[in-house]
Every structure is written in structure tokens, then in C-alpha cells.
Number of protein chains: 2
Amino acid sequence: MEAFRRHLRDRGLPVTQQREVVAAAVFFAERHVSVGDIEQGLLRQGEHVGKATVYRTLELLQSADLIQEHDFGEGFKRYEPLAARGYHEHLICLRCGRVEEFASERFERMSTLIADEHGFRHHHHRWEIYGVCPECQRRDPTARRPPTPQREEHER
Amino acid sequence: MEAFRRHLRDRGLPVTQQREVVAAAVFFAERHVSVGDIEQGLLRQGEHVGKATVYRTLELLQSADLIQEHDFGEGFKRYEPLAARGYHEHLICLRCGRVEEFASERFERMSTLIADEHGFRHHHHRWEIYGVCPECQRRDPTARRPPTPQREEHER
DNA sequence: TTTCCTGCAAATCGTTTGCATTAAA
DNA sequence: TTTAATGCAAACGATTTGCAGGAAA
């Protein structure tokens, strides 16, 4: 939050109400929110911020390295705060969309190694595991993932 | 090709001209073609197949487990034939979009292990490494990825 | 004031769908 | 003939963009 204000001031950009609430929405979210989640959350608090502004602020936050964008193949993107959390990978539930994390410094190193072997300069990597979480297995051991349009909360 | 015909006959579905050419376009492509690539390729051969039919055929090929869909974050999907090729992961060039493969039975096992640790039932995983390929490094050691709208060949 | 932002609506772009027409079996 | 597929154009859904009006510095 403070880091974002500093980032903006450092390059002479205005610190607006909208930028503050959108940043807060991502920083203080449980985790991995979609643009829909952010809008819903803000509306619930009585804040109204236009979609375009949400997208523009997310872009700013990314270029400031304060959040990270993810695409888990749901048809829309999710965002997570980067502050003070080490590198980690994601485990995604195909039924409810819940996202868990697991550490992997080790894979970071392996990726670099493999890139080297192919002569590539390593930039980043993605390791995602898709499956069915314990709760969903218990709930219905056979069902398949229902389509999830971006409207309500998708987290958990 | 033959497997696709068999798959169709087995469920009483017509083996049409369009299905054959679209399937061939993916099977015999160098690799990892987009819908745009497929259309272009067919047009070049004088074949005209509607976009909708291309998408519908790709869906069929996927449910027959003959091709695999990928999303490398370019804004559109790519498809690769699954025939006779072992499990492998992808190394993607951020500048030219070129895709290389590397084997990884080992990571298949690791994914299952990690899923187990979290109580998830493992379904599939994704391990992708993004970087800059040797040619692009040589060409211009500092440039960044240009946006790539889906029009022409994206492969290589 | 000046400059940069915001909100809205329109535009984009890949992908999907409805429906009248046409091709397989 | 019967049944299912095709092609076109319209619909979709997330994201982006143009622009008139509004808020920071």
C-alpha cells in the first residue's frame, strides 16, 4: 500500500481515491481475485470504481511489481499480491476454483537449468497442478467442473 | 488420421471433408498451431473451411484425445497432435513464440506427489518455461516481446 | 491552471451459438 | 430420406480504447 503510493509519487503520478481502493482490494484479499471479485468487493463497501479504472490500476500495480497476474484457464485473469511472499507454485481445484500454494525454490533452479540446456535465457516459469480438492472430493466424488462465468466470488 | 475416422464411425458421426482437412492440418503441422494458422494453411491449399467448423472439429479432436490445447498467454489457443509423443513440457520464446519441448516423466510423478500432500486428486499439470531463444538473443539482446495478434503463422 | 485520471460507452478479439442450407449415411 | 454438419452472421465475455468531464498537484 505504502509502496504503491511511493511508486506513484516517484514518477509524478497522482495518488487517487480509486487507485487506493483497488490496490487495497488486491492487497487485502484472501488471495487470487478476479476483476469481477474486485468490483463486487468494492460495491459491497459502497465504493464505485469503473471497470476500465480497475484494469488500468492493475496494470500499474503489475509494472510496480506489487501484484502478479495469473491465468488458470477459466477465461479470465486473477491477481495476487506479491508482497513478502516467497516464490511459490499453485495447486488449483478444477471444481471450485480454490487455489493453494506450495513452495518451490527448487523448481526455480531447475527451470533455469533446463532453459540453459536449450540455449534459452530464462525469464520466468509456470508450474501449476490441477486436480480436485479434498472438500470437493467429499462433496461429490464424480462430478465435473461446471462452467464459471466471471460474476461472483470465485475464490475458494 | 485413421484413428479420428475410427473415432467418428464408432459413434455414428459423419466423416466429412472439413473434418478431414482440419484434422490433417493439426496432425501434419510442424507443431502448436493456432486457429489462425489452420485457416491460413487451408486457404493456401485452396480449402475453405468456416471458423466455426474449425473450432468444432478441434473440440472433437480433443475429446478423442488426439490433440491437446495450450494457452501460452498470447491471447489465443494453440493445438498440438498427441499421437505417439510421450509426455513433455514446453519452453516458449517470449519474442518469436517458438516452442520447444523437453521430456519430464519425472515431473509427472512429482506433481502427483505434491497433489497427494495437499489431499488433492491429481488431474493434470502444466510446467512451462518462458524465456528468449538463442536466435532471438543473437538478433537483439535487449528487445522485448512485441504484441502478436492472431493473423499469420505464429510458429517459430 | 495544468496535467493526468476517471467513467462511460463503443470497439476489439478470440471463441461460441442460432439457424437456414447442404452433405453423409 | 433421415440425421447431423456446415457456414454465415450475430452473440458473447473479457479486456482495451476514445473522449468529454473531473480531480490531483
Side-chain angles (χ1 to χ4, degrees), chain A residues 4-23 25 33-40 42-43 47-64 67 69-79 97 146-152 154, chain B residues 4-23 25 32-40 42-43 47-64 67 69-79 97 147-152 154:
Chain A
F4 186 38
R5 290 198 195 96
R6 197 174 324 117
H7 178 89
L8 293 172
R9 287 200 202 98
D10 286 356
R11 45 214 84 204
L13 300 174
V15 177
T16 65
Q17 276 299 308
Q18 290 89 332
R19 285 175 176 173
E20 302 230 287
V21 287
V22 172
V33 287
S34 65
V35 168
D37 294 339
I38 296 172
E39 285 189 301
Q40 297 286 323
L42 293 181
L43 274 180
E47 313 272 8
H48 184 92
V49 179
K51 235 187 250 305
T53 303
V54 173
Y55 279 106
R56 289 188 275 234
T57 305
L58 289 171
E59 209 175 307
L60 267 175
L61 286 163
Q62 280 182 85
S63 64
I67 66 172
E69 183 180 86
H70 290 288
D71 182 346
F72 295 136
E74 302 164 298
F76 52 84
K77 308 272 176 58
R78 289 177 180 273
Y79 301 85
T148 40
Q150 179 177 156
R151 301 221 186 290
E152 269 301 319
H154 294 297
Chain B
F4 185 39
R5 291 200 194 96
R6 197 175 324 119
H7 177 89
L8 293 172
R9 288 200 201 97
D10 286 355
R11 45 214 83 204
L13 300 174
V15 176
T16 64
Q17 276 301 307
Q18 290 89 332
R19 285 176 175 170
E20 302 231 287
V21 286
V22 172
H32 303 104
V33 286
S34 64
V35 168
D37 293 340
I38 296 172
E39 285 189 302
Q40 296 287 323
L42 293 182
L43 274 180
E47 314 273 8
H48 184 93
V49 179
K51 236 186 251 303
T53 302
V54 174
Y55 280 106
R56 290 188 276 233
T57 304
L58 289 170
E59 210 174 306
L60 267 176
L61 287 163
Q62 279 182 86
S63 64
I67 66 171
E69 183 181 88
H70 290 288
D71 183 346
F72 295 136
E74 302 163 297
F76 52 85
K77 309 272 177 57
R78 287 176 182 274
Y79 302 83
T148 38
Q150 178 179 152
R151 301 224 187 289
E152 267 303 317
H154 293 299

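Convention: sequence-line order gives letters A, B, ...; per-chain numbering from 1.
- Rounded to an integer number of Å, the gap from CG of B:D71 to C1' of C:dT15 is 12 Å.
- A:E69 pairs by the salt bridge (Lys or Arg N to Asp or Glu O under 4.0 Å) definition with A:K77, not counting sequence neighbours.
- Rounded to a whole Å, the CG atom of A:L58 is 13 Å from the C1' atom of D:dA14.
- Remark: A:Y55 is not in phosphate contact with D:dT16, judged by side-chain N or O atoms under 4.0 Å from OP1 or OP2.
- Scanning for side-chain contact (heavy atoms from CB on, under 4.5 Å) contacts around A:E47 gives A:V21, A:L42, A:Q45, with sequence neighbours left out.
- B:E59 pairs by the salt bridge (Lys or Arg N to Asp or Glu O under 4.0 Å) definition with nothing, not counting sequence neighbours.
- In this structure, the CG atom of B:D10 is 16 Å from the P atom of D:dA4, given to the nearest Å.
- Of all the heavy atoms in A:V49 and A:E39, the pair that sits closest is O-OE2, 4.5 Å.
- The number of heavy-atom neighbours closer than 6.0 Å to CD of A:Q62, taken from other residues, nucleotides and ligands shown, is above 12.
- Taking every heavy atom of both residues into account, A:R78 and A:F72 meet most closely at CD-CD1, 3.8 Å.
- For the residue pair B:A25 and B:I38, the shortest heavy atom distance occurs at CB-CG2, 4.0 Å.
- Counting to the nearest Å, the P atom of D:dG7 and the CD atom of B:E47 are 11 Å from each other.
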Practice task
Determine, for nucleotides 2-8 of chain C in 5'-to-3' order, which nucleotides have protein heavy atoms under 4.0 Å from the base (write B), from only the sugar-phosphate (write S), or from neither (write -).
Solution key: --SSBBB
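- C:dG14 atom C1' lies 15 Å from atom CD of B:E59, rounded to whole Å.
- One can place CD of B:E69 at 10 Å from C1' of C:dT15, the figure rounded to the nearest angstrom.
- Atom-to-atom, CD of A:E74 to P of D:dT15 comes out at 11 Å; the value is rounded to the nearest Å.
- With sequence neighbours excluded, the residues forming a salt bridge (Lys or Arg N to Asp or Glu O under 4.0 Å) with A:R5 are A:E2, A:E20, listed by chain and number.
- Atom CZ in B:R78 sits about 16 Å away from atom C1' in C:dT15, given to the nearest Å.
- The backbone N or O of A:F4 sits nowhere less than 3.5 Å from a side-chain atom of A:R19 that would complete a donor-acceptor pair.
- Axis deviation across the helix from C:dT1-D:dA25 to C:dA25-D:dT1 amounts to 30°, comparing end segments of five pairs, rounded to 10 degrees.
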